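Scroll down for the structure; my scribbles are underneath it.
The chain is numbered in sequence order, starting from 1. Note: hydrogens, waters and symmetry copies are ignored here, and every other heavy atom, side chains too, is used. Note that the structure is a prediction, hence the values are computed from the model and not measured.
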Amino acid sequence: MSADITKLEQIASQVRRDIVRMVHACQSGHPGGSLGCTDYFVALYFHAMKHDPSFNMDGIGEDLFFLSNGHISPVFYSTLARAGYFPVSELATFRKINSRLQGHPTTHEHLPGIRVASGSLGQGLSVAIGAAQAKKLNKDNSLVYVLMGDGELQEGQVWEAAMYAPHNKMDNIIAAVDYNNAQIDGSTDDVLSLGNLSAKWEAFGWDVMEVANGNDMQQVINGLDEAKSRTGKGKPVIILLHTEMGKGVDFMMGSHKWHGVAPNDEQLEIALNQIPRTIGDY
């Protein structure tokens, strides 16, 4: 299936507007990583994944996605709403009391599109592998996708899961790492260096790919298409997705300081002037 890159870029621009408006409205949340991962989410939900917005928790016969670094919920919620899972107007309730759009995604809120509570870092890969194994047992040939943050790879549980998947030939999973070299306390190199990530994952038995610019829609589309072509060949697939924190808003870009800080009124106005309104604000 060919991709309409212009249309996908328009959706991504609107998602970025949603992100900064959502976080500003409640003066809480995580804009940096959300903006950096926007192109991946849009490419996933509007091109790569076979999914049904009417939403059934079991997801039989469709691809599944799990967000491990759940704090980037703004980009997840916006993408789900824009893809038809729930009304776009509900984005205005983000992080409000009794909202289904909590700061970290939860299943007890029964928000369509959310299959696991996440935000306790290090757990998503394990969950995704479990779902992938269930699909194999059920002879369901659909794929499972999971996104992790690079700082999250400092969690030990990730590497237990990383061993398990190749050992069990989980070749129906496509993992991705948001490789922006930044986490809440600084650069990953300063906090706890990740070393040669490609060599690490390869040594653990994964089929490793890299997308040099995870904020270029065409590159992301090409990467996801290539990853899909590598499934079913005995190895789990992982994409190291090089992104920039805060992408699209010049004063946020490349700075870990915008990991979890909301823009004020003036900053919101500056940000929105940099992000074209395309398919309409909520």
Side-chain angles (χ1 to χ4, degrees), residues 3-25 29-49 51 65-85 88 91 94 101 103 105 113 118 145-150 176-182 211-224 239-256 258-263 267-268 270-282:
D4 184 338
I5 297 299
T6 300
K7 182 180 179 182
L8 294 174
E9 288 174 343
Q10 289 176 342
I11 297 169
S13 186
Q14 195 63 52
V15 168
R16 285 190 164 96
R17 286 182 68 88
D18 290 348
I19 290 165
V20 293
R21 293 183 67 232
M22 289 161 67
V23 174
H24 165 265
H30 297 78
S34 294
L35 292 166
C37 284
T38 296
D39 306 289
Y40 167 82
F41 271 87
V42 171
L44 196 63
Y45 274 85
F46 291 88
H47 171 73
M49 261 177 45
H51 63 103
F65 171 72
F66 295 97
L67 175 63
S68 188
N69 49 329
H71 58 274
I72 65 167
S73 61
V75 65
F76 195 13
Y77 295 150
S78 171
T79 303
L80 288 172
R82 297 291 176 179
Y85 279 78
V88 171
L91 297 176
F94 176 64
L101 279 60
S118 62
Y145 294 83
V146 58
L147 177 66
M148 298 171 280
D150 52 0
V177 176
D178 176 23
Y179 204 177
N180 61 17
N181 299 295
V211 172
N213 184 355
N215 297 124
D216 179 281
M217 187 63 74
Q218 186 68 65
Q219 285 194 36
V220 178
I221 291 292
N222 293 347
L224 285 169
I239 304 170
L240 302 183
L241 192 71
H242 294 269
T243 66
E244 185 164 18
M245 181 170 281
K247 181 67 176 180
V249 180
D250 60 6
F251 61 86
M252 293 187 183
M253 285 167 61
S255 172
H256 76 273
W258 286 97
H259 171 93
V261 176
Q267 290 167 331
L268 175 67
I270 294 170
L272 291 177
N273 283 335
Q274 296 176 23
I275 309 170
R277 177 177 171 175
T278 52
I279 54 177
D281 292 334
Y282 61 85

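Side-chain atoms of Y40 and T243, non-hydrogen and from C-beta on, never get closer than 4.5 Å to each other. Between L8 and V220, every side-chain heavy-atom pair lies at or beyond the 4.5 Å cut-off. Between H47 and I5 the shortest side-chain heavy-atom distance does not fall below 4.5 Å. In this structure the side chain of W258 reaches within 4.5 angstrom of the side chain of Q267, judged on heavy atoms. Here the side chains of L241 and D178 are not in contact, with every heavy-atom distance at 4.5 Å or above. Counting only heavy atoms from C-beta outward, the side chains of V15 and F41 never approach each other to under 4.5 Å. You'll find the side chain of V211 stays beyond 4.5 Å of the side chain of Y179, heavy atoms only. Under the 4.5 Å side-chain criterion, counting only non-hydrogen atoms from C-beta, F94 is not in contact with R21.
Checked by atom type and distance alone, the side chain of D150 pairs as donor or acceptor with a backbone atom of N181 at under 3.5 Å. Put simply, the side chain of S78 never gets that close to the backbone of P74: no donor and acceptor are under 3.5 Å apart. Using a distance-only test at 3.5 Å, with no hydrogens or angles considered, a donor-acceptor pair links the side chain of Q274 to the main chain of D250. In this structure, the side chain of Q10 does not engage the main chain of T278 through any donor-acceptor pair within 3.5 Å. A donor-acceptor pair under 3.5 Å links the side-chain atoms of S118 to the main chain of L67, judged by distance alone. No side-chain donor-acceptor contact under 3.5 Å links S73 to the backbone of P105. Between the side chain of S68 and the backbone N or O of M148, no donor-acceptor pair lies under 3.5 Å. Between the R16 side chain and the T38 main chain, no donor and acceptor come within less than 3.5 Å of each other.
Salt bridge annotation for R82-D18: present, with a cationic side-chain nitrogen under 4.0 angstrom from a carboxylate oxygen. A salt bridge does not link D216 to K247: none of the charged side-chain nitrogens sits closer than 4.0 Å to a carboxylate oxygen.
In this pair, Y45 and F76 present their aromatic rings tilted. The plane angle is within the 30 to 60° band.
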**Message:** Between L147 and L44, does the side-chain contact (heavy atoms from CB on, under 4.5 Å) criterion hold? Intermediate values first, please.
**Reply:** CA-CA 11 Å; L147 177 66; L44 196 63; over 6 Å; no
**Request:** Please step through side-chain contact (heavy atoms from CB on, under 4.5 Å) for the pair T79 and Y85, ending with a clear verdict.
**Result:** CA-CA 9 Å; T79 303; Y85 279 78; over 6 Å; no
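M245 meets the side chain to side chain contact (heavy atoms under 4.5 Å, CB included) test with N180, A182, H259; sequence neighbours excluded.
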